[in-house]
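Numbering of ligands and ligand atoms starts at 1, following listing order.
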Amino acid sequence: MSLNVLIIAAGLGTRMKSRRAKVLHEVAGRPLIGYGLRTAWALKPERLFIVIGHQAEAVRAVIEEEIAHIEGDEAAAPQVEFIIQSEQLGTGHAVMVAKEALARASGSVVIYYGDAPLIRSQTIDELVRRHRQGGYAASMLTVMMDDPTGYGRIVRDEAGRFVRIVEHRDATPEQRQIKEVNPGLYCFEIAPLIEALDHLSPKNVQGEYYLPDVFTILQHRGYAIGLFPHDRADEFLGVNNRVELARVGARLRHQVLRALMLSGVTIIDPDSTYISADARIGQDTIIHPQVIIEGRTRIGEECEIHSWSRIVDSQIGDRVTVKNGCVIANSRLSDDVAVGPFAHLRMEAELAPEARVGNFVEVKKSRLGRKTKAMHLAYLGDATIGQRVNIGAGTITCNYDGRQKHPTFIEDDVKLGSDTMLVAPVRVGRGAVTGAGAVVTRDVPENALAVGVPAVVKKVLKT
Ligand code: UD1
Ligand code: CA
């Protein structure tokens, strides 16, 4: 009995009022479609069909990027096939365009929409189990929604037997009172599904082919259909507009935080903490209130991240302290590093073990060696800095001449006096010292003392 999955993600997302396709919008730091993909992976299907259309190229690129980052057994990964729905004529039409692809598969197909990121794979497993156990041609869950606005309503006869699903926009005022809705998760036997698709018609308010109509068609053709009431309606909150985007985002955010806490990360105030679903954080790390961790950031064990810091796509080792108010983007901090308060590290800033960066220091595209310190008010850009260097308060690498960026090299054991200006390109040799306020325009030899404006070598300290 082979299982396949089809995700419908070709729609325009009109209600988002966006220039970007709906499934590309991010929730908890990950594009919407990334969740549906991971759910599919968890089901271990044979094939995964993804119907795309609106902004197909961009959507496909993001899907491929997401797939590349799904963790787990590569051998168990499904065979992925993209299907283009060039005109979006409805959810039924999205499956119609996949007909040939489906015909090449066998067994059952689970279908859901790309805009419902909260659906759990366990729920789908359960649906598939009941679908197969009952020998149904088509099965779906139904849920009760206090506010069913926007959802397809389950219309039943007096005996409680399924009649049809009526979309919100097609529903009469009486039908709109129905609280039992279609959550948008289906399991079909492929052969009868294909048969039913030929009978879909767009006779409705929107002039679209509706996938839920397949249930009525199959029932009329004598097939057994299964409807299973399910009590976790929250799982099926979809994203149709930006209010729902925020609501669903909040739930996902709390799921992410909960998983981290259960894995051994202390999050002092989950209500004010934002951590991307793609971030990884090690045991016994403490996250203080109002911290934001974005993208594929990795943080090691026993770190402490203090309030008002934002960390984006960065790698942080073990026992690192990030003090208050730091912004760290695309950077790499090794074990036992301390930064902040109010430090800004960006564009591949790299801090070797035990390096320290303090108050109001910006580090851009620079590397600080082991035990090197820049504690106060400095700008270090395009610099390669050795070990045990002390960067005096107010030091600046003058890396930009108005046209081009130039590199600065500071070798091991250098001591830069306060307010040293390093006019790049320039090199300060090992063990050299600069006086306070030195403007270094030429290379300083090893172990030399350079002072003044422009700096001149006064003496060689030791040889
Ligand atoms: C759909 C269901 C509704 C259900 C609800 C659950 C239909 C007709 N209605 O309504 O019964 O209660 O989901 O959330 O299925 N899409 C395409 N191609 C198209 C049209 C849509 O790929 O031609 C995609 C959209 O991008 C979206 C998904 O299908 O991801 C669902 O479409 P949407 O318009 O959001 O359907 P709903 O109105 O939410
Ligand atoms: Ca929807």
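Within a radius of less than 3.0 Å around the Ca ion (ligand 2), the protein N, O or S atoms are D115 OD2, N240 OD1.
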Steps toward salt bridge (Lys or Arg N to Asp or Glu O under 4.0 Å) verdict (R280, E71): CA-CA 12 Å; R280 296 286 173 271; E71 290 162 356; 3.5 Å; yes
Derivation of the salt bridge (Lys or Arg N to Asp or Glu O under 4.0 Å) call for K365 and D382: CA-CA 5 Å; K365 233 188 203 169; D382 306 297; 5.0 Å; no
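Under the 6.0 Å cut-off for aromatic ring centres, F236 and H230 qualify, their centroids lying closer than that. Between F215 and F188, the distance from one ring center to the other falls under 6.0 angstrom.
Put simply, CD on Q290 and OH on Y274 are 9.0 Å apart, with the number rounded to the nearest 0.5 Å. For the atom pair CH2 (W308) and CG (N324), the distance works out to 5.0 Å, reported to the nearest 0.5 Å. Taking OH of Y379 as the reference point, atom CD1 of I396 lies at 10.0 Å (rounded to 0.5 Å).
The immediate protein surroundings of ligand 1, defined as residues with any heavy atom under 4.0 Å of it, consist of I8, A9, A10, G11, R15, K22, Q85, Q88, L89, G90, T91, Y113, G114, D115, Y151, G152, E167, N182, P183, Y210, P212, N240.
Looking at E189 and Y223, their side chains never bring a donor and an acceptor atom within 3.5 Å of each other. Under the 3.5 Å distance criterion, with hydrogens and angles disregarded, no donor-acceptor pair is assigned to the side chains of S331 and E350.
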